[in-house]
Amino acid sequence: MDLTVWRTFVTVCRLGSLSAAAAELHHTQSAVSRQIAGLERQLGVPLMQRHARGVRPTPAGEVFRRHALATLNEADRAVRAVRDVRDGVFDRPLAVGATPSLAAGVVPEAVRALLEQSGSVRWSLLPALSAQLHNRVLDGDLDIAVVTDAPPGLPEDQRVERRFIGLDDMVVVLPVGHPQAGRGPVHMRTLADQIWAEDNDGSAALLRQHAARAGVAARIDLTAADLPGKLALVATGHAIALIPGVLTSALRADVTAVPLVDPPTRGIHAITPRRDPHPCTVPLFGHLAAAFAAIRRPQAGYQPTESGPPVADGASAARAGRDAEQSFSTGRTIPSGSS
């Protein structure tokens with residue numbers, strides 16, 4: 001298949017408009033329409049559907065869009081790598097993967113610190129779920145992936161090196177006008193009559209387990225496509241939701257996070273391939289530990305539970321990063337309390 005057509009399709013999906021895609025790609029609208037129609041004939045299934053404000057992918061089109069985008073990104077990387085060899089530049093780009101919650105704060109902060117320390121390093125970021133990231137590391141697409149052990153957990157695989165970064169308390173996110181907003185740690189029994197929204201099976205499993213420990217059942221009546229969709233359901237008052245604690249500093253203004261009594265937790269880990277590791281993964285791991293320790297500080301008025309990880313000030317966050325980097329380079333597993 002012609003990657004030019006794939007790029008046209010991905011652009012139409014991103015902009016939601018044939019005319020806007022044509023303008024960006026410097027094509028005519030009829031040429032874009034012909035490319036999409038030809039792609040649909042090749043695949044034997046409709047990929048786009050019209051709606052009042054433009055076009056959007058069908059379910060089959062959305063599946064193809066995700067794969068096409070990954071393929072185009074890899075093709076672009078391949079072209080850049082060949083040109084680097086041609087030009088005598090042999091620096092190796094760093095391919096980083098992360099779950100959406102960690103890609104929203106911890107990972108960008110860690111890479112910023114890496115670049116300040118190491119100078120210019122070309123890098124890319126792929127947000128995905130933990131299982132998908134694990135497979136991309138095995139396939140050689142990623143040099144490091146920052147993942148979680150939320151259900152169903154992480155596989156034991158001798159082909160990757162796994163290092164513990166820290167333990168993340170889950171929190172409940174509420175609309176700002178909710179009666180429990182701003183009240184400090186809340187018990188799950190207080191929320192027993194609430195409607196919950198969820199966007200993935202791992203988070204839903206943590207919620208159900210936490211509710212069961214409290215002797216209640218969580219009413220997960222609404223399903224969102226992704227984390228922004230889940231937060232939108234909360235902001236508009238349709239539901240409340242369980243989210244990772246690392247996201248509290250990056251929430252939209254019309255929702256608020258409240259800690260839970262004896263909260264469910266998830267471990268944060270970095271995985272790298274055992275064969276041909278990228279030289280930047282060792283210092284990056286140290287910066288990841290430091291960034292997580294810093295972002296893990298409780299909000300004003302919130303004291304973490306005894307089972308939570310220790311609070312880190314600036315000095316201890318930096319120390320956590322140095323200890324983590326040393327443990328990564330020596331192969332020593334980091335104990336869960338050292339984040």
- Ion pair present between E198 and R208, side-chain N to carboxylate O less than 4.0 angstrom? no
- Query: Applying ring-ring contact (aromatic ring centres under 6.0 Å, His included), which residue pairs with at least one partner in residues 169-202 are found, sequence neighbours left out?
  - Reply: none
- Task: Applying salt bridge (Lys or Arg N to Asp or Glu O under 4.0 Å), name anything that partners R65, two or more places apart in sequence or on another chain.
- Result: E62
- Transitive ILVMFWY cluster of L222 at side-chain heavy atoms under 4.5 Å: who else is in it? I195, L233
- When you check the side-chain N and O atoms of E161 and T272, is any donor under 3.5 Å from an acceptor? no
- Message: The criterion is salt bridge (Lys or Arg N to Asp or Glu O under 4.0 Å); which residues satisfy it with D76, sequence neighbours excluded?
- Response: R7
- For R41, check side chain to side chain contact (heavy atoms under 4.5 Å, CB included) against everything at least two apart and list the hits. A37
- Taken in chain and number order and not counting sequence neighbours, the residues that satisfy side chain to side chain contact (heavy atoms under 4.5 Å, CB included) with D201 are none
- Contacts of H51 meeting side chain to side chain contact (heavy atoms under 4.5 Å, CB included) (sequence neighbours excluded), chain-then-number -> R53, R56
- With D141, which residues qualify under salt bridge (Lys or Arg N to Asp or Glu O under 4.0 Å), at least two apart? R136
- Connected to V147, directly or through other members, by ILVMFWY side-chain contacts below 4.5 Å are L126, L133, V137, L138, L142, L154, V160, I271
- Can you list the residues that meet the side chain to side chain contact (heavy atoms under 4.5 Å, CB included) rule with Q132, with sequence neighbours excluded? A128, L129
- Message: Does either side chain, that of S101 or that of R266, offer a donor lying less than 3.5 Å from an acceptor on the other one?
- Response: yes
Let me check something: any side-chain donor-acceptor pairs from residues 107-115 under 3.5 Å, sequence neighbours excluded? List them with distances.
unit_1, atom_1, unit_2, atom_2, d
E109, OE1, R112, NE, 3.2
E109, OE2, R112, NE, 3.2
E109, OE2, R112, NH2, 2.4
R112, NH1, E116, OE1, 3.1
R112, NH1, E116, OE2, 2.4

- Query: Among I268, V96, I165, which one satisfies side chain to side chain contact (heavy atoms under 4.5 Å, CB included) with L288?
  - Reply: I165
- Residue list, ring pair (Phe, Tyr, Trp, His ring centres under 6.0 Å) with H210, at least two apart or on another chain: none
